[in-house]
2 protein chains.
Amino acid sequence: MATSNPGFDGRRAATLRDVAALAGVSIATASKALNGRDQVHPETRERVIAAAAKVAFRPNPMAQGLLRGQTGTVGLLTDDLVGRFSLPILMGAEDEFGSGSVSVFLADARGDAIRQRHHLHAFLDRRVDGLIAVASNTDPRATLGRELPIPVIYAYGPSLDPDDTSLVPDNVSAGEIAVEHLVTTGRRHLALISGDEAYLAARDRTEGVQRAVAAAGLSLVEQVMYGSWSEAWGRTATRALVDRVPELDGIICASDQIARGSLDALRDLGVPVPERVAVLGFDNWEAVVADSRPPLTSVDMNFEALGRAAARRLTQAMSGERHAGGVEKLPVRLVARASTARV
Amino acid sequence: MATSNPGFDGRRAATLRDVAALAGVSIATASKALNGRDQVHPETRERVIAAAAKVAFRPNPMAQGLLRGQTGTVGLLTDDLVGRFSLPILMGAEDEFGSGSVSVFLADARGDAIRQRHHLHAFLDRRVDGLIAVASNTDPRATLGRELPIPVIYAYGPSLDPDDTSLVPDNVSAGEIAVEHLVTTGRRHLALISGDEAYLAARDRTEGVQRAVAAAGLSLVEQVMYGSWSEAWGRTATRALVDRVPELDGIICASDQIARGSLDALRDLGVPVPERVAVLGFDNWEAVVADSRPPLTSVDMNFEALGRAAARRLTQAMSGERHAGGVEKLPVRLVARASTARV
DNA sequence: CTGTTAGCGCATTCAA
DNA sequence: TTGAATGCGCTAACAG
C-alpha cells in the first residue's frame, strides 16, 4: 500500500536513504556503489545505480560540501557588469567553469568600495572556494585583501599588491601590433589619436605605438593626441590632423569609438579610406567595427581567452598549486578589415 | 599552552563550537544567543556575541542549508550573456538579490538547448531555491519544464507555456509612445523603418506604431519597411524614403542601430535633423544614442527595472506565494534628445 | 563484500 | 536560563 512507502515521495528530492531503501542496501553501501568505490559486489552496484536512476537521485551538494569543507563554487566579483570590457572576461570564465562541476556566483560592485566589501564578505560567508575579481579598466587597483582564506585571481585590472596574481591584456603589444600592421601594408605617415590619458590603457597603447614606430625607423607625423574615448573626440582630432598633415596616410585610434569618429570625419572631408588614409581601432567591438564605413580593422584584446585563463589559474590555485603572483600579460591579436586594406 | 587550545586555530573558519568554547557556554546556547532567541540571559548573550565577533564567526551556509532545506541561492540562466538586451536585466536581478541575503549563480546557455539543459540540471543539483531565465530576444520560447521543483520566472522572452510566469517589455506600447512623441512635437508625415520581421520585437513595435498613427488620425507615408537590425539597413531604407517621400518629416527606426544608419544617410544627403526630419530609435543604447549626430531620441525598454521586477517576483514565489502565471508586460519610457527636438 | 558508527556545522527539540 | 541530544544528507572509518 502507498502508506507503507517509507521513503521517496516524489516531490522532495530523493536522498541517498531513498536509493538505499529502494535497492535494499544500507546507505553506506549505496554511497560506495555510486561513488565507484571498490569493495562493492558488481551486482549490488548495478541495483543501486538502477535505483538511483529511478528516483533521479542527485547528491545534495550541501551535505557533500559540509563533509569535505569545500563548496565547489567560485565568486566572480566584477566592477562593471554592463561594461563591454569586463563582460567578455566574465563570460570566458563562466564558460570555463561551467563546463566543469564548479558553479559561479556573480556579484557586481559597480566600482563602489562599499559594495565591493559587501559582496566580498557575502562570498566569503558563502564559503566560495575561490574568487575572480574583474575590474572595469586596466588601471592597477587595490587588492581585495592580503589574508584572504581563498585564492584570488585579478583579471583585466591588476592588483597593486605584487603578491597577488593578475592577468591583463598586453596593451603595449597591442600598440606595436597596430603599427606593424600599418607599416606592413605600406603606410609611412602615421598619427595616433589616443584616448583619455588618465587611463593606463591609453598610455600603454601609446607606448607600444611609439616603440614600434621607432623600431620601423619612422616617427609619428604629429604629437600623440590625448582626449576622450568618444566618437566626438575622434572627429575633432581627425579634422585637425587632416588640416595640418597633408601627407598623413594612417591613423591609429586608441579605441573603436574614436576610430568610428575618425572614419565619419574623413568621410565628411572627402578623404577616401583606405585609399588615402588607413584607420585602425582597438577592442574589436563588434557593434562598431562591423557596420562602419568601411568595416574597421581593430586590435582584439582576447578578453574571453583572458577570462578562461583566469578561470584555469584559479582552478590550479584552488587545487593547491602555489603561484608566485605578479602580473601576467596576455597576447592580443589584430583583426584586419577594409579600413586598412592595402591599396 | 598553545597545544591545549581546543578550538579556533586562526586559519580555519571559526565554527559555532569555537564561539561557544570561547564564551564558556554550550553550542546550543551560543546558537540561541546569536539568533536572537529569547530564553537567553542578556549577559550570556553579550558574552557570546563578543566571542563571535572576536573570532569573526560566520555561520556556515551549507550547515544551515542542510538543516532548513534551502540554499539561499538562485540561478540566473541567460541565453545571451554578451548581449545588450539580456545583460541589463541580469544586472537588475543581481542588484535586487545582491542587496539581500540570496546569492546569484550565473550560467550562459548561449541559445543552445543542450547547454541549457546542462546548466538547468547543474542548478537543480545545486539546489537553487529559484530560477530566472533570461532570453536573448522577446520571441516566446520553450518552457524549461512544467514539473520543476522550484519556481521559475521568465524574463524578456516569455515562456510558451501559459502556466509559467513571464515578464517582458511592452513593445507595442513602445511603438505607440514613439509615435505620440513625434506627433506631439509637430510631425505629421511619418515613416517606419522596422527591423527583421522574423523578430516579434519588430512586429510588436510596428503594431504599436500603426495603432498610434491611426489613433492620431494619420497614416504612415510609406508602407512599413522590414529589413535587418543593422546600420546598413537604416542607411539603405532612409535613402529610398527620402527619394520617394519629399514631405517626410519623421522617421521611426525600430532600433538605435537602424536609427544611427538613418542619421548617417540623412547627413550624407544633406537633410537636416531635426529641422526637416526627426529621427527616433529604440533601446536607448548609450553607446549609440549619446555620440551620434545629433544625439538620438530613443525608447528605453527599462531592462534593469524588468530584472528587478523578475527578482522580486521570484522572491515572492520562493516564499510560497502562488501566482497565476501568464505574461506581464512592463512599461517602457521615451528619452528625448536632439534628434526629435521641436523646431 | 556489507553494515554500523561517527561526524561535518548548525538549529531545534526536550530535559534539567 | 542552560545544555544534552537529535538530525539535516552524506562519506569515511571501522567492524562484521
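The chains referred to below are lettered A, B, ... by the order of the sequence lines, with proteins before strands, and numbering in each begins at 1. Note that the structure is predicted; figures quoted are calculated from it, not measured.
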Item to complete: Measure the distance from CD on B/Q70 to C1' on D/dG9 and round it to the nearest whole Å.
Response: 16 Å
For residues 22-30 of chain B, which side-chain donor-acceptor pairs fall under 3.5 Å, sequence neighbours excluded?
| from | atom 1 | to | atom 2 | distance (Å) |
| --- | --- | --- | --- | --- |
| B/S26 | OG | B/A28 | N | 3.4 |
| B/S26 | OG | B/T29 | N | 3.2 |
| B/S26 | OG | B/T29 | OG1 | 3.1 |

Practice prompt. Answer yes or no: is there a donor N or O on one side and an acceptor on the other, between the side chain of B/H118 and the main chain of B/I114, under 3.5 Å?
Written response: no
Worksheet item: In chain order, what residues pass the side-chain contact (heavy atoms from CB on, under 4.5 Å) check against B/R45, with sequence neighbours excluded?
Response: B/A33, B/V40, B/I49
Discussion item. So if I take the C1' atoms of five pairs at each end of the helix from C/dC1-D/dG16 to C/dA16-D/dT1 and get each local axis, what angle do the two axes make, rounded to 10 degrees?
Written reply: 60°
Worksheet entry | Base-contact (B) and sugar-phosphate-only (S) positions in nucleotides 6-16 of chain C, heavy-atom cut-off under 4.0 Å, - elsewhere | -BBBBBB----
Item to complete: Could you tell me which residues satisfy side-chain contact (heavy atoms from CB on, under 4.5 Å) with A/L81, sequence neighbours excluded, listed by chain and number?
Response: A/T78, A/L87, A/L90, A/L106, A/D108, B/L87, B/L90, B/M91
Worksheet item: Counting just side-chain N and O atoms, does B/T44 come under 4.0 Å of either OP1 or OP2 of D/dT1?
Response: no
Worksheet item: Distance-only, no hydrogens or angles: does the B/S166 side chain make a donor-acceptor pair with backbone N or O of B/S159 under 3.5 Å?
Response: yes
Practice prompt. Please determine which of B/L167, B/I132, B/T143 meets the side chain to side chain contact (heavy atoms under 4.5 Å, CB included) test together with B/Y154.
Written response: B/T143
Discussion item. Could you go through A/R312 and A/E328, starting from their C-alpha distance and side-chain angles, then the distance that decides it, and tell me whether this counts as salt bridge (Lys or Arg N to Asp or Glu O under 4.0 Å)?
Written reply: CA-CA 14 Å; A/R312 278 194 299 272; A/E328 182 177 347; over 6 Å; no
Item to complete: Check salt bridge (Lys or Arg N to Asp or Glu O under 4.0 Å) between A/D79 and all other residues, then give those that pass, not counting sequence neighbours.
Response: none
